[in-house]
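Quick caveat: nothing in here was measured; it's all calculated off a predicted structure. Order of the sequence lines fixes the chain letters, A, B, ..., with proteins taken first and strands second; residue numbering starts at 1 for each chain.
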Amino acid sequence: MEEMRFLRREHLPHIWCVGCGHGIVLGAVIRAMDRAGVDQDRTVVVSGIGCSSRAVGYLNMDALHTTHGRALAFATGVKLARPDLRVAVLAGDGDLAAIGGNHLIHAARRNIGITTVCFNNGIYGMTSGQYSPLTPAGYRTTTSPFGHLERDFDLCRLVQAAGATYVARSTVYHVHQTVTYVERALAHDGFSFVEVFSPCPTYFGRHNRMGDPVTMMKWLHDSAVQAGQAARMTPEELRGRVVLGEFHRTTEVPEYARSYREMIARLAEGGDQGAR
Amino acid sequence: MITAGIILAEAAVMAGLNAVQTQSYGPESRGGATRAEVVIADGEIDYPKVTNADVVLVLTSEAYRRYGNKLKQGGLLVADSDLVGEVQAGPYRIVRVPITRIAREELGREIVANIVALGVLAALSQVVPMEALERAVMGRVPKGSEELNRRALRCGEAAGRQAQVKEAHEA
Amino acid sequence: MSQPRLMQGNEACVEGALEAGLQFFAGYPITPSTEIAEMLAERLPRAGGVFIQMEDEIASMAAVIGASLAGMRAMTATSGPGFSLKQENLGYAALTETPCVVVNVQRVGPSTGMPTSPAQGDVMQSRWGTHGDHPVVVLSPSSVMETYVLTAKAFAVADELRVPVILLTDEITGHMRERVVLPDPGTLPRPHRPLEGAAPPDIPPMVHFGEGRRVLVTGLYRDSTGFWSESPEEADRLVRRLAGKVESRQEQLTMVDRWHLDDAQVVVVAYGCVARSAQRAMRLARERGHRVGMLRLACLWPFPGHEIEALAERADRIVVPEMNLGQMVGEVERAVRGRCKVIGYSRVDTELIRPEELLPVLEGV
């Protein structure tokens, strides 16, 4: 129970619904923080707007609860001003992949040292159930009442292609796996990204005949395929399944905030490469 | 042309005068219609734009058509003799100098036409001392092009004096 | 005093910011403010600070707030379209009381307009651009030298009051080059943020990230502990305190130039680049025997309503020339409340108002 020190317990209970997976993600995050040896006086957690964004308010450390979609842009300012601090972004799928999609790919491209955990429930919960870029095709939401026509993002592939140097996916059903990935992401020096599938029985579930939490958990369990196993499956077999695993991990790309500090140091020593 | 305006204003400041330089330009990075305005005074300059110009320098017919009417009575119009067509006679002094041709043929680089023009202007108007103008040019041009620009200024100055002599002859 | 030199308005903004201790700049390229970003990209890292070109205008504003909360003095610069995009996060800075400076080098609008041409159309947006009642301070320079002074001042006010300060300049003032003589480095007072034990009662002390204080910064309404709150009483207290901390300091923040106001029958109220035209027009009118005076506003918001009120008691007419269809004139009318005539003069054809065209308006022809 060492990880409980990371919570502002006086502000519990949290605002999340019965059966929501976000509490499990937050639990995994604090366990991972404990394992990674996070110093809560030298860590800033940043979020945007949405159900999951409230998570930072329950964390007993510096917390920045910002505007919709912009958590990574705010976090970039924090990290560049104080590269010595650990910076983590906790955000939802709508926040990260829709309104904040531009910031997501650019933070990944810079390889700035921010750990991002995406609480992916495939829906806008706070506004009561509209489709997000991660709502799978065919599912019903309040804004796709006849079944969703759009395809969803593969967020991990997107972020990896954009330049992230640690990329992994898990679900709240696979909670130990989630803790491991978040721990590695926190220890990673560069832009690290963990997508965690989290059930929203209240909105996603009710619109799709999975209104009770247990059914949604079972759905997560049944849809999930580990990456090793997925490699041996055909695209047909993989349709509608969620592939879990560590997809990418490299230490070859320099972390951005450190690169900037190194440039400042070079300039201070009289190096003026590139200047007129 | 905007660079020339900046250099002229800078020369005025170096010579202990007050100066304001403004400009208007379009979206083009190169070419397009640009206008540089310079106000030079001993004292405070309130309104920063040129209303009645003592000197108007035009390198194209288009520029003349647009800005020729800014010239005040008794003012000086300097026009490129090759590139500016008919100019209207009036109660002002008109001097025509082949500014762009000098840059192209004598200096081998059309891009220094603006510096040639500054030399012409300084020789004809004495608005700023040549010494200050040369210092200002040296401070603003890219490294490695100082000699070319110094020559451009000299060529312009010489062309200006020559035009002055010709003017005196004709008068 | 430094040597006299020719300096561009945007360059003076950079010099003023660095003199005030700027440490962080995030921006996005936009005419006519880009020179500020370009100069800082080179100057800031040399001074140990950080420059970043973000992926968009919204991100630039966000990064500035993040850096400020992490303890750096931070600024961004933009023009109309970018200023529109920054509004939501500007409101976030106002609510969270995050000191920052936003430079808006105004160009014409709405939309893309003529991107290289001047206007003063963002006066009301600078005051009311973000949603909700919020505190903001807007400074507006009329010269290159004043751009330097007011940029530095913007940081002092932002830090002291914990508010976003907008430096509202324009294409003319930003791109104009003028002779300036800068004060010696180190002679301007350094801005400082209110610290614990030394903060006024209506401004909470500033606590930065990484100090071990475990602060929560949120855009939600909050209670006195800083945690989000849904209490109507807390909401009322917060919104009124935020607005009040600027309004109650209006007199201290007001910066005006007064010319010939003691005998003026006609008073011109002007700001920004147009103040230069108005000043000349006033001089010309006085040479012709007309009793014309002028009030130039260097701080637009908070608006010096009392000053205008007092003028309205004495003058017959107040003339407000602007490069918009009449924004500040409405504010002047609100203060005058019918005590004298108020005449707006507008120009929106991208050309700076000329003194000669103002002359008949001042002379009442």
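- Residue contact with chain C, scored on non-hydrogen atoms closer than 4.5 Å, is absent for A/R109.
- A salt bridge is absent between A/R82 and C/E211: the closest approach of a Lys/Arg side-chain nitrogen to an acidic carboxylate oxygen does not fall below 4.0 angstrom.
- With a 4.5 Å cut-off on side-chain heavy atoms, A/V46 and C/F209 do not count as touching.
- Within the model, atoms CE of C/M54 and CZ of A/R110 stand 4.5 Å from one another, a figure rounded to the nearest 0.5 Å.
- Heavy-atom pairs under 4.5 Å with chain C were tallied for A/A81, A/A63, A/G100, A/S47; the largest tally goes to A/A63.
- The distance from atom NE2 of A/H11 to atom CG of C/L216, rounded to the nearest 0.5 Å, is 7.5 Å.
- Annotation for C/R240: atom CZ does not count as buried by contact number, only 12 or fewer foreign heavy atoms lying within 6.0 Å.
- Counting heavy-atom pairs closer than 4.5 Å to chain C, the top residue among A/N60, A/L85, A/V44, A/I49 is A/N60.
- Looking at A/D62 and C/R213, no side-chain N of the basic residue comes within less than 4.0 Å of a carboxylate O on the acidic one, giving no salt bridge.
- The distance from atom CG of A/L64 to atom OG1 of C/T98, rounded to the nearest 0.5 Å, is 8.0 Å.
- Residue-environment remark: CZ (A/F6) exceeds the threshold of 12 foreign heavy atoms within 6.0 Å.
- Heavy atoms of A/L80 lying under 4.5 Å from chain C belong to its backbone as well as its side chain.
- By number of non-hydrogen pairs under 4.5 angstrom with chain C, the leading residue of A/A75, A/A107, A/G57, A/S53 is A/G57.
- The salt bridge (Lys or Arg N to Asp or Glu O under 4.0 Å) check on A/R31 picks up A/E3, with sequence neighbours excluded.
- Looking only at side-chain heavy atoms (C-beta outward), C/W228 and A/H65 come within less than 4.5 Å of each other.
- In this structure, A/R70 and C/Y92 have side chains that are not in contact, with every pair of non-hydrogen atoms separated by 4.5 Å or more.
- When heavy atoms are compared at a cutoff of 4.5 Å, C/L69 approaches chain A solely by way of its side chain, counted from C-beta outward.
- Among all heavy-atom pairs drawn from C/F51 and A/Y260, the shortest one is N-OH, 2.8 Å.
- Heavy-atom pairs under 4.5 Å with chain C were tallied for A/Q40, A/H68, A/K79; the largest tally goes to A/Q40.
- By number of non-hydrogen pairs under 4.5 angstrom with chain A, the leading residue of C/A62, C/A63, C/G71 is C/A62.
- The distance from the OG1 atom of A/T66 to the CD atom of C/E88 is 9.0 Å, given to the nearest 0.5 Å.
- Listed options C/G91, C/G49, C/A74 were ranked by heavy-atom pairs under 4.5 angstrom with chain A; first place goes to C/G49.
- Environment of CD in C/E230: sparse, with no more than 12 heavy atoms of neighbouring residues, nucleotides or ligands closer than 6.0 Å.
- Side-chain contact between A/R261 and C/V50: present, with at least one pair of heavy atoms (C-beta onward) separated by less than 4.5 Å.
- C/V64 does not touch chain A: none of its heavy atoms, backbone or side chain, sits under 4.5 Å away.
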